[in-house]
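First up is the structure itself, then whatever we jot down about it.
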Number of protein chains: 2
Amino acid sequence: MSSSVETPEEDVSVPGRITIRDVAKAAGVSIATASKALNDRGRMTPETRARIQTAARDLGFTPNAVARALVSQRSFTIGLLTNDTYGRFTLPVAAGLSAALIDRGVSVFLCAFQDDPEAARVNLRAMQDKCVDGLIIAGKRIDRGLPIELPRLSMPVVHVYSLCGDDDIGFMPDDRAGAALAVQHLIGLGRRRIAHVTGPLAFAAVAQRTEGWADALKAHGLAPFGAPLNGTWSEGFGYSVGQAWAALPPSERPDGVFCGNDQIARGVIDALTLAGLNVPRDISVVGFDNWSVFAEATRPPLTTIDMNLQEMGRQAGLVLLDMVEGLPVERGLRRLPCRLVTRQSCGVPPPA
Amino acid sequence: MSSSVETPEEDVSVPGRITIRDVAKAAGVSIATASKALNDRGRMTPETRARIQTAARDLGFTPNAVARALVSQRSFTIGLLTNDTYGRFTLPVAAGLSAALIDRGVSVFLCAFQDDPEAARVNLRAMQDKCVDGLIIAGKRIDRGLPIELPRLSMPVVHVYSLCGDDDIGFMPDDRAGAALAVQHLIGLGRRRIAHVTGPLAFAAVAQRTEGWADALKAHGLAPFGAPLNGTWSEGFGYSVGQAWAALPPSERPDGVFCGNDQIARGVIDALTLAGLNVPRDISVVGFDNWSVFAEATRPPLTTIDMNLQEMGRQAGLVLLDMVEGLPVERGLRRLPCRLVTRQSCGVPPPA
DNA sequence: CTCAACTGAGAAAACCTTTTCCCAAAGGGT
DNA sequence: ACCCTTTGGGAAAAGGTTTTCTCAGTTGAG
């Protein structure tokens, strides 16, 4: 035993972190055996294993994730890269993701950046340097990618609510079916003159939701009430549409509206209400997003479509994990179903 | 040269990551020298240093952050632990934090959990295992801590928008001064009968904002217009207050209102507007939070107080970094000034 | 010319864990 | 009794970087 290195008998002085060395010494075994015992690997008598595990527990040993990452080439960390600084889409996704992965010992690195490509590059680089095992790319619209090139990115990637090529793996809400759900609800309540007020044509989501609106009407033999009205995704736009309707004679107004998002829906309702009309008596309104801070605060509270973003995050996390572990994963886009959340902006829900 | 280990002359086969070994070999120096050259440490001829740096650039070398963390005992990662899953407070803070730290090579681990202490424990443990250099504890109210014990936490901690003991280091907005700013603005516009509608008494922020309201009135020799009205932090509460006011004769109504948050302000404005009153002509309204999705969508757009949460995140990050680097840091709470954002809910701003 | 001081650069330990051998002892069959 | 197999456990390398020594060579002064 050389005196320079091997005199750790009495090193009570340094209260630093407890390592597997300490566990091994306490249990009277070698480091290798300790490692195997703690990871349920290798062969040894049950007694030895138990002794080591007890020692680890008594000492409060937790393996150093950094050292483990260095040797295993896995950091048990995944990155979530997004340009949705507002968090409207990303936060629910992140919540589902974290919840799904934390049990498996995987943490999530969230990087939100403004749409500056340079910031994107820096953050992506940081993640690569830190050896994240995989990447979730999350956006705020389904027809745009992030301003980064992932050319020869050596790690698996899953796209969520963001553009996704045919060879990629991605998750999106089934906007079309979700929209149809909303319109079916209106029809089920007896509405027949169903309009559609939504966002800019440039958004793919707009086209898909409009298709869903048309689908549901057609399935029930109804004609669209006018052409879809496209504007901005804002309360202001909904408000102006509501004002215009309020100025018309009742026979020229819709009796049901499917709005492309909750903000537009709220604008419509506010304008109608201010003009003396009653929602839902005169017109039923359905939104899209189920952004609770809007949907619940609207008077009356908004019936709307929920995209199940949290579930989307959960599934994306599980698929990414499979990829990290080398399991085969089918490429392509997965569309997750949406869900109708009934509040009071449409009237009484139909009897079950 | 033993043949088993040292035959990396022709290892073009494995396209794996470029390490400092490769750089050293390319530059014809030892690993140690390469490391020193790349970190601007040690002594060597400028030519050697330049040669190594050029080689590193040509090869596209980036140091492996995991290996570096293992040896330096610093991960260049800080954790942001929060129970604000909605992100109203945490996202701006995180944005400021990230922006401030990314230049210094430090990334941010965001962990948001519901108020379940078990989840908190698991996430905290994960951060410890991953050797984050420091922790930001962010909450959603200033008078509550997170449901975790940080007893002998071996890393530095900074609290942001969350309870902070005398020996801790924390950041909060100066609610009192911010509230006074709002009321001064109303007074400057000629308002004299200034009411206050705000959240539940149980929140410390409510008391502080109420004090600011009283401060500013007193400084101008004005009496409070009635007692502060306490309710929930919701549009619904503001709406009911607005309805009540609208039913009163003008002489018994306030001519200016300072609201405890933007949602209450919006509720007040909506109710007044629906009752046929005009904001700001009949009553000026100021909010608090500058939650843009509310403030901008209100009709008229809301003049409100911004807590500068992003700046708070920035400063918290810089202080935490100082602590990580062992610099002396003054303990205690720092209150950051708020800022008035003028929109159209108060009328014309006073001439400068 | 000698010695000290300095200079540039490399060898090796250290960070902590996992994993691949390898070895000694014990057990079993003939 | 001998050999082979199994068993339990350990030694050592590997992962990529930083850092501390150490050392050979060079320079300058006396």
Side-chain angles (χ1 to χ4, degrees), chain A residues 1-8 11 14 16-25 27-52 56 59 61-76 105 128-131 133, chain B residues 1-8 11 14 16-25 27-52 56 59 61-76 105 128-131 133:
Chain A
M1 181 185 289
S2 86
S3 73
S4 64
V5 176
E6 284 291 355
T7 44
D11 57 353
V14 185
R17 192 176 181 124
I18 290 167
T19 77
I20 200 171
R21 269 187 115 84
D22 305 318
V23 175
K25 196 183 309 174
V29 297
S30 73
I31 295 180
T33 307
S35 173
K36 281 183 287 201
L38 296 174
N39 294 297
D40 274 324
R41 232 177 285 281
R43 285 176 320 196
M44 67 196 68
T45 56
E47 293 76 44
T48 306
R49 199 180 291 278
R51 181 160 40 92
I52 295 170
L59 270 57
F61 167 74
T62 56
N64 181 326
V66 174
R68 185 180 271 188
L70 184 60
V71 63
S72 68
Q73 306 289 49
R74 280 200 52 188
S75 61
F76 289 90
Q128 282 185 283
D129 291 348
K130 301 222 159 109
C131 297
D133 297 332
Chain B
M1 182 186 288
S2 87
S3 72
S4 64
V5 176
E6 283 293 354
T7 45
D11 57 353
V14 184
R17 189 176 184 125
I18 290 167
T19 77
I20 200 172
R21 269 186 115 84
D22 305 318
V23 176
K25 197 182 309 172
V29 296
S30 73
I31 295 181
T33 305
S35 172
K36 282 183 289 200
L38 296 174
N39 293 299
D40 275 324
R41 232 177 285 280
R43 284 178 320 199
M44 67 196 67
T45 57
E47 293 76 42
T48 308
R49 199 180 290 278
R51 182 159 40 92
I52 296 170
L59 268 57
F61 167 74
T62 57
N64 181 326
V66 175
R68 186 180 271 188
L70 183 60
V71 63
S72 67
Q73 306 287 51
R74 281 201 50 188
S75 60
F76 290 89
Q128 283 185 281
D129 290 349
K130 301 220 158 114
C131 297
D133 297 332

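A, B, ... follow the sequence lines: proteins, then strands. Residue 1 opens every chain. All heavy atoms count here, side chains included; hydrogens, waters and symmetry mates do not.
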Rounded distance (Å) that lies between atom [atom2] of [N] and atom [atom1] of [X]:
X: A:Asp40; N: C:dT18; atom1: CG; atom2: C1'; answer: 15 Å
X: B:Phe76; N: D:dT17; atom1: CZ; atom2: C1'; answer: 12 Å
X: B:Arg49; N: C:dT7; atom1: CZ; atom2: P; answer: 14 Å
X: B:Lys130; N: C:dT17; atom1: NZ; atom2: C1'; answer: 15 Å
X: A:Asn64; N: C:dC16; atom1: CG; atom2: C1'; answer: 6 Å
X: A:Asn39; N: C:dT20; atom1: CG; atom2: P; answer: 13 Å
X: B:Asp22; N: D:dG15; atom1: CG; atom2: P; answer: 12 Å
X: A:Ile18; N: C:dC15; atom1: CD1; atom2: P; answer: 16 Å

Student check: side-chain heavy atoms of [X] and [Y] closer than 4.5 Å:
X: A:Gln128; Y: B:Thr62; value: no
X: B:Asn39; Y: B:Arg68; value: yes
X: A:Asp40; Y: A:Arg49; value: yes

Ignoring hydrogens, what is the shortest heavy-atom contact between [X] and [Y]? Give both atom names and the distance.
X: B:Val23; Y: B:Ile52; value: CG1-O, 3.9 Å
X: B:Met44; Y: B:Thr33; value: CE-O, 3.8 Å
X: A:Ile18; Y: A:Phe61; value: O-CD1, 3.4 Å
X: A:Asn64; Y: B:Cys131; value: OD1-SG, 3.9 Å
X: A:Ala24; Y: A:Ala34; value: CB-CB, 3.9 Å

For this session: For the helix from C:dC1-D:dG30 to C:dT30-D:dA1, figure out the bend between the end axes, five pairs an end, and round to 10 degrees.
Result: 60°

Nucleotide nearest [X] (side chain, heavy atoms from C-beta), chosen from [options]:
X: A:Val71; options: D:dG15, C:dC15, C:dT19; answer: D:dG15
X: B:Pro63; options: D:dT17, D:dT19, C:dT17; answer: D:dT17
X: B:Arg43; options: D:dT19, C:dT7, D:dG10; answer: C:dT7
X: B:Ile20; options: C:dA9, D:dT18, D:dG10; answer: D:dT18
X: B:Leu70; options: C:dT19, D:dG16, D:dT18; answer: D:dG16

Scan [X] against the nucleic acid and name what it touches under 4.0 Å (heavy atoms): base, sugar-phosphate only, or nothing.
X: B:Ser35; answer: base
X: B:Val29; answer: sugar-phosphate
X: B:Thr19; answer: sugar-phosphate

Presence of [X] side-chain N/O under 4.0 Å of [N] phosphate oxygens OP1/OP2:
X: A:Gln73; N: D:dA14; answer: no
X: A:Arg41; N: C:dT19; answer: yes
X: A:Ser72; N: C:dT17; answer: no
X: B:Thr33; N: C:dA9; answer: no
X: B:Thr48; N: C:dG8; answer: no

Exercise. Can you find an N or O donor on one side and an acceptor on the other, under 3.5 Å apart, linking the side chain of A:Lys36 with the base of D:dG10?
Worked result: yes

